[in-house]
Amino acid sequence: MNSSEKEKEDAEIDAEEITSNGENAKVKKTKKKKKKVASKDAEKRGVCYLSRIPPHMDHVKLRHILSQFGDIQRIFLSPQGSATQVPSKRSRGSRDQEYSEGWVEFGDKRVAKRVANMLNGEQIGGRKRSSFYYDLWNIKYLSKFKWDDLTEELAFKKAIREQKLAVELSAAKRERDFYLSRVDQSRALNAIEERLKK
């Protein structure tokens, strides 16, 4: 950042201090600095995609294994759908949640690229008796992909799912109302027939 840009920012901050009506100008200034630092920090981060998560591996184990290669910011694992899930004989309930895919955000892009290049196709390893000793890493670095892209996609999928559910519920309510109206009509017709017989 050169001196003219810094002077411009200082002038903007001074203008904010003058225009603030009763608000603490220092608080605004620190908020603005935090936003800039967060955006710069987000630009440095890199996201890796794991197309397959081995059975019995959760976010804690994944963080433990990958943290030896670099600083990990966030991990998101997508739960396996109930339609594709095969019940195991020794299921331990919620502790044995299976995951289909995952995303790992590293603190530095270069570290994420290096980890993806180094681990892709390699054996996960660990102790020989571990449940994912013979599994292979299937990891790819996603260039120009930010964590916000993932959260937006998840929010979009959730909105679509809720919309489909609302449509199905409204269809079920219409069907129920139609059935109840037919039942009422049938009772009325039966009552009329009984009166005619008398």
Side-chain angles (χ1 to χ4, degrees), residues 34-173:
K34 285 181 182 179
K35 283 183 182 178
K36 285 184 181 181
V37 169
S39 66
K40 286 180 184 177
D41 192 34
E43 291 295 320
K44 292 179 184 177
R45 296 178 181 176
V47 179
C48 287
Y49 171 70
L50 294 132
S51 65
R52 181 182 174 280
I53 306 296
H56 311 294
M57 183 178 279
D58 61 355
H59 63 93
V60 176
K61 291 178 185 175
L62 187 63
R63 183 179 292 272
H64 176 71
I65 292 170
L66 292 179
S67 63
Q68 62 188 344
F69 300 106
D71 180 36
I72 295 177
Q73 298 295 320
R74 294 178 270 198
I75 294 176
F76 176 76
L77 300 178
S78 177
Q80 198 172 38
S82 59
T84 60
Q85 191 171 5
V86 178
S88 64
K89 291 180 182 177
R90 295 184 299 146
S91 180
R92 293 181 294 201
S94 63
R95 290 191 310 161
D96 256 0
Q97 173 73 46
E98 299 290 327
Y99 300 100
S100 59
E101 58 187 355
W103 290 263
V104 179
E105 184 183 42
F106 286 90
D108 190 7
K109 285 181 191 178
R110 293 173 296 195
V111 172
K113 286 179 190 176
R114 186 177 36 137
V115 167
N117 289 333
M118 185 172 58
L119 293 181
N120 192 28
E122 295 295 320
Q123 186 176 352
I124 291 177
R127 292 191 317 240
K128 189 142 185 158
R129 290 173 42 190
S130 89
S131 58
F132 40 85
Y133 177 77
Y134 292 106
D135 283 313
L136 298 178
W137 286 110
N138 197 350
I139 185 169
K140 181 178 182 332
Y141 172 72
L142 302 174
S143 62
K144 299 179 183 176
F145 187 84
K146 301 296 174 211
W147 196 260
D148 295 337
D149 299 337
L150 174 63
T151 54
E152 286 174 7
E153 180 184 346
L154 293 172
F156 179 69
K157 285 182 180 179
K158 183 179 178 182
I160 288 175
R161 191 168 46 246
E162 287 175 356
Q163 189 176 18
K164 284 182 181 178
L165 182 64
V167 168
E168 289 175 6
L169 282 174
S170 65
K173 285 179 182 177

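No hydrogens, no waters, no symmetry mates; every other heavy atom, side chains included, goes into these values. Please read these numbers as outputs of a predicted model, since none were measured by experiment.
Nearest heavy atom pair, residue Ala116 against residue Lys140, reads CB-C, 4.0 Å. Annotation for Ile124 and Leu136: closest pair CG1-C, 4.1 Å, computed over non-hydrogen atoms. Across all non-hydrogen atoms, the minimal contact from Arg74 to Arg45 is NH2-NH1, 3.3 Å. Trp137 and Ile65 make their closest contact through CZ2-CG2, 3.5 Å (heavy atoms, listed as atom of the first residue, atom of the second, distance). Pairing each heavy atom of Leu77 with each of Tyr99, the nearest pair is CB-CD2, 3.5 Å.
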I'd like to know whether Phe76 forms a side-chain contact (heavy atoms from CB on, under 4.5 Å) with Val47, so could you lay out the CA-CA distance, the side-chain angles of the two residues, the decisive distance to 0.1 Å, and finally the verdict.
CA-CA 11 Å; Phe76 176 76; Val47 179; over 6 Å; no
Using the rule given for side-chain contact (heavy atoms from CB on, under 4.5 Å), can you reason through Tyr49 versus Asn138, listing the C-alpha separation, both sets of side-chain angles and the distance that settles it, and then say yes or no?
CA-CA 8 Å; Tyr49 171 70; Asn138 197 350; over 6 Å; no
Can His64 and Lys61 be said to form a side-chain contact (heavy atoms from CB on, under 4.5 Å), step by step?
CA-CA 5 Å; His64 176 71; Lys61 291 178 185 175; 5.5 Å; no
Should Asn117 and Tyr141 be marked as a side-chain contact (heavy atoms from CB on, under 4.5 Å) after you check the CA-CA gap, both sets of side-chain angles, and the distance that decides it?
CA-CA 8 Å; Asn117 289 333; Tyr141 172 72; over 6 Å; no
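The number of heavy atoms from other shown groups lying within 6.0 Å of CD (Gln68) is above 12.
Residues passing the salt bridge (Lys or Arg N to Asp or Glu O under 4.0 Å) test with Asp108 are Arg110, sequence neighbours excluded.
Cys48 pairs in a side chain to side chain contact (heavy atoms under 4.5 Å, CB included) with only one of the listed residues (Ile139, Leu119, Val111), which is Ile139.
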